[in-house]
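Please read the structure below before turning to the comments.
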2 protein chains.
Amino acid sequence: MRTYKILSDGRRQIGGFYLPGDIFGVEFTDDHAFSAEAITDTKIVVVKRSALIALAGRDATIAHELFALTGRELRRMRERMLLLVKSAQERVAGFLLEMAERAGVGNIVELPMSRQDIADYLGLTIETVSRTFTGLETAAAIAVPASRRIVLRNRSALRHLNG
Amino acid sequence: MRTYKILSDGRRQIGGFYLPGDIFGVEFTDDHAFSAEAITDTKIVVVKRSALIALAGRDATIAHELFALTGRELRRMRERMLLLVKSAQERVAGFLLEMAERAGVGNIVELPMSRQDIADYLGLTIETVSRTFTGLETAAAIAVPASRRIVLRNRSALRHLNG
DNA sequence: CGAACTTTTGAAAGAGCTCAATAGAAGTGG
DNA sequence: CCACTTCTATTGAGCTCTTTCAAAAGTTCG
C-alpha cells in the first residue's frame, strides 16, 4: 500500500509504503491528510477508530500497544524528516536501507513500487532517482539485475552515504 | 524551546520549536532521537513517562487526551514533511504562517529563534533564509522592521506560495 | 567606542530539475 | 513467435535554484 497526498500544484507526495503485516492510518484526529492505494493485490483489515479507542479504554494492554504503535509511527516520521533534508544520494541510500530492513531477503530487495513512487516518496524527480541508482551501481554499492530488484553489495557504503 | 539533532556530518537538524504552553517530548519508545534546548528563559514541567502511562491506564480521560496529543504531533510532523519537499520560498512562507498561527499577535510575529535556527528547521542555509525573507519583503508579502519581528502584509500571497 | 555576534548581500559553483530522446519490459492480437 | 502498442526506466543537455565562500552591514553588550 501507499499513502499519498496531491499537492495544490499537482505534485504527489507519498506519505509512506506499507508492507504485509504493517498497520497504517491510525489517526486520532478528524483530518484525513492522506489517501491510501494498493499497489499490489492486498487484503486489508479495517478497524473503526471509535471501536479501537473504546477498546483501549477498557483494556490497558491494548492501550499500551496503541501507544507503542503511535510511538513507532512518530519515530518513523522523524527519520523520514531527517531523510528529506539530505542530498539525493543520501535519500536514496536511506530508502534502500529502510526497504532492506523491512522487506529484504538477505541482500536482495524486491521493490514493489515504481521509480515514480520512490521519487514522490523522497521528494525527488524520477530522473534523479534513476540517475542515483545508476550512480550507486557504478560505485559498486548496489546491483540492479532488474529494475525493481536491488542487490545491496556494500551496506556500509550505503550507510555512510545515508549520513 | 527547540529540539534538535546533530547529524553525523555536523549539520544540525531542528525537530521543532515549542512555545509557552506547548507539550513536547511525549515519547513511548526508548530511543531519544532529539535533544532539547531553551532559547529564552523557560519554565519546564517534567512528567515521567511511566507515570504518565500509568495514569492513562487508570484514567480514560487522560488516555484520551494523550491520544489526541500524539495525534496532533503526528499531524504536525506530516505537515512538516510536506514542507520539506518544497522550494525555499514555500518553506519560509509555510514557516511564517505556522509561527503566525501559533504565536502571532494580529499580523505581527515575534520570532524567538535566530536565522540559523530557522535554516536548520527548514533544511536550508542561513543565507537562503535571509535572501528569501528579503525576497518576500520586496514582493510586499511581509515587512521586517527588525530582524526578528515580521509583519505579515499579505497572507493570501504567503498561503499561495505555501502551495 | 570597540569586540563579538547576527544578518544581509554578492559572485561563483554545484545539485537537482526540466525537457527531450532513447531503451527496455510487458502485454495484445495476428 | 513476432510485430505493435503502451508503460516504465534510463540517459543527455541546458537551465534554475540553492549552496558555498567571502565580505559588508547591522546589533548587542562590555
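Scope of the values below: all heavy atoms of this structure, side chains included, with no hydrogens, waters or symmetry mates. For clarity, every value in this text was computed on a predicted model and none was experimentally measured.
B/Leu161 approaches B/Ala93 most closely through the heavy-atom pair CB-CB, 3.9 Å. Closest heavy-atom contact between B/Thr40 and B/Pro112: CG2-CB, 4.4 Å.
B/Gln89 places its CD atom 14 Å from the P atom of D/dT19, with the value rounded to the nearest Å. The separation between B/Leu122 atom CG and D/dC17 atom P is 18 Å, rounded to whole Å. The CZ-C1' distance, from B/Arg115 to D/dT27, rounds to 13 Å in whole Å.
Here B/Asp117 pairs with B/Arg12 in a salt bridge; the nearest charged N to carboxylate O distance falls below 4.0 Å.
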Table of protein N/O atoms under 3.5 Å from nucleotides 28-30 of chain D N/O atoms:
none

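Every pair passing ring pair (Phe, Tyr, Trp, His ring centres under 6.0 Å) that includes a residue from residues 89-123 of chain A is listed here, sequence neighbours excluded: A/Phe17-A/Tyr121, A/Phe95-A/Tyr121. For residues 53-67 of chain A, every residue pair satisfying the side chain to side chain donor-acceptor pair (under 3.5 Å) rule, not counting sequence neighbours, is listed here: A/Asp59-A/Thr61. The ring pair (Phe, Tyr, Trp, His ring centres under 6.0 Å) contacts involving residues 127-152 of chain A comprise nothing, where partners must be two or more places apart or lie in separate chains.
A salt bridge (charged side-chain N to carboxylate O under 4.0 Å, His left out) with A/Asp22 is found for exactly one of A/Arg2, A/Arg102, A/Arg76, namely A/Arg102.
The closest donor-acceptor contact from the side chain of A/Ser130 to the backbone of A/Ile126 lies at 3.5 Å or more, if one exists at all.
Contacts between residues 124-133 of chain A and DNA chain D, defined by a heavy-atom separation under 4.0 Å, are made by A/Glu127, A/Ser130, A/Arg131. The stretch residues 134-152 of chain B comes close to DNA chain C through B/Thr134, B/Ser147, B/Arg148, each having a heavy atom under 4.0 Å from the strand.
The salt bridge (charged side-chain N to carboxylate O under 4.0 Å, His left out) check on A/Arg155 picks up nothing, with sequence neighbours excluded. Every residue two or more places apart in sequence or in another chain was checked for a salt bridge (charged side-chain N to carboxylate O under 4.0 Å, His left out) with B/Asp41, and none qualifies. Applying the side-chain hydrogen bond (donor to acceptor under 3.5 Å, both in side chains) rule to B/Glu110 yields the partners B/Arg149; only residues at least two apart in sequence or on another chain are considered.
Overall bending of the helix from C/dC1-D/dG30 to C/dG30-D/dC1, expressed as the angle between end axes built from five pairs apiece, is 40° (10° steps).
No side-chain heavy atom of A/Val47 sits less than 4.5 Å from a side-chain heavy atom of A/Leu55. Taking the side chain as every heavy atom from C-beta outward, B/Arg153 and B/Asn107 never approach each other to under 4.5 Å. Proximity of B/Leu136 to B/Leu96: side-chain heavy atoms (C-beta onward) are separated by under 4.5 Å at one or more points.
The hydrophobic cluster containing B/Tyr18, built from Ile/Leu/Val/Met/Phe/Trp/Tyr side-chain heavy atoms closer than 4.5 Å, also comprises B/Met1, B/Phe24, B/Ile44, B/Val46.
Extent of DNA chain C lying under 4.0 Å from chain B heavy atoms, first and last nucleotide in 5' to 3' order, is C/dT7 to C/dA11.
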